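Encoded as structure tokens, the structure appears first; notes follow it.
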Amino acid sequence: MADALAKIPVVEIDPEGTFKYILVRVKVKDGDVHKDIVRGTKSAEYHNHIFEKVSPAMEAMGMECKCLGGGKIEHNSQEKKLRVFGESTAFGKADHSVSVEKLKSAFSDYEITWSDDKK
């Protein structure tokens with residue numbers, strides 16, 4: 001099962017624009033092994049819409065999920081910049097510093113910043 005966990009991408013976000021994101025802890029069911037992942041998309045009107053897609057997909061792989069919080073990501077692919085900010089009404093504010101570390105693993109050539117600003 002740890003192999004299945006290792007195969008889950010750390011980051012899956014839209015290639016451009018400003019959109020909601022969540023930080024999710026995925027762990028092997030009945031186990032201690034876990035990893036935190038970032039998911040974000042413009043198609044989600046609310047943060048829970050993202051979680052409602054992620055959770056069943058992870059459960060199908062024998063994992064369980066917990067949303068650690070959310071916010072927004074501003075993705076400018078032309079300038080290679082990501083900005084993480086805001087919070088989720090449903091899940092609270094994610095630890096943006098953790099989210100940024102995850103984003104850096106997928107976007108190593110980007111300038112990535114975060115703030116506790118709402119906008």
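Quick note: residue numbers are just sequence positions, from 1. The figures here come from the full heavy-atom set of this structure, side chains too, leaving out hydrogens, waters and symmetry mates. Just so you know, these numbers come straight off a predicted model, no measurement behind them.
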Determine, stepwise, if the pair T41 / K20 fulfils side-chain contact (heavy atoms from CB on, under 4.5 Å).
CA-CA 6 Å; T41 180; K20 290 176 171 55; over 6 Å; no

Check the pair N48, F91 against side-chain contact (heavy atoms from CB on, under 4.5 Å), reporting the backbone distance first and the verdict last.
CA-CA 8 Å; N48 62 310; F91 298 117; 4.0 Å; yes

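A donor-acceptor pair is defined here as one N or O able to donate and one able to accept, closer than 3.5 Å; no such pair exists between the side chain of K35 and the backbone of V26. Put simply, the side chain of H75 gets close to the backbone of D14: a donor and an acceptor are under 3.5 Å apart. Using modelled atom types, one side-chain atom of E16 and one backbone atom of S77 make a donor-acceptor pair closer than 3.5 Å.
Listed here is the closest heavy atom pair of P9 and I37: O-CG2, 3.6 Å. Nearest heavy-atom pair, L23 versus V98, reported as atom, atom and distance to 0.1 Å: CD2-CG1, 3.9 Å. The two residues G70 and H96 have their closest heavy-atom pair at O-CE1, 3.9 Å.
Contact of the M61 side chain with the I8 side chain is registered, since non-hydrogen atoms from C-beta on lie closer than 4.5 Å. The shortest distance between side-chain heavy atoms of E12 and V38 does not fall below 4.5 Å. In this structure, the side chains of L82 and N76 stay at 4.5 Å or more apart for every pair of heavy atoms. Side chains of L5 and V33 form a contact here, defined as non-hydrogen atoms less than 4.5 Å apart. Two residues are said to be in side-chain contact when any heavy atoms from C-beta on lie closer than 4.5 Å; I50 and F19 fail this criterion. By the 4.5 Å heavy-atom criterion applied to side chains, H34 and D32 are not counted as neighbours. K104 is not listed as a side-chain neighbour of Y110, based on a closest heavy-atom distance of 4.5 Å or more. Two residues are said to be in side-chain contact when any heavy atoms from C-beta on lie closer than 4.5 Å; V10 and L103 fail this criterion.
Between D36 and K102 there is no salt bridge, since none of the side-chain N atoms of the basic residue sits less than 4.0 Å from a carboxylate O of the acidic one. Between R83 and E74, at least one side-chain nitrogen of the basic residue sits less than 4.0 Å from a carboxylate oxygen of the acidic one, meeting the salt-bridge criterion.
Within 6.0 Å of NZ on K72 lie no more than 12 heavy atoms contributed by other residues, nucleotides or ligands.
Taken to the nearest 0.5 Å, the CH2 atom of W114 stands 10.0 Å off from the OG atom of S99.
Across K29, K27, R25, a single residue satisfies salt bridge (charged side-chain N to carboxylate O under 4.0 Å, His left out) together with E64, and that is K27.
Checked against the 6.0 Å centroid threshold, H47 and Y21 do not count as a close aromatic pair.
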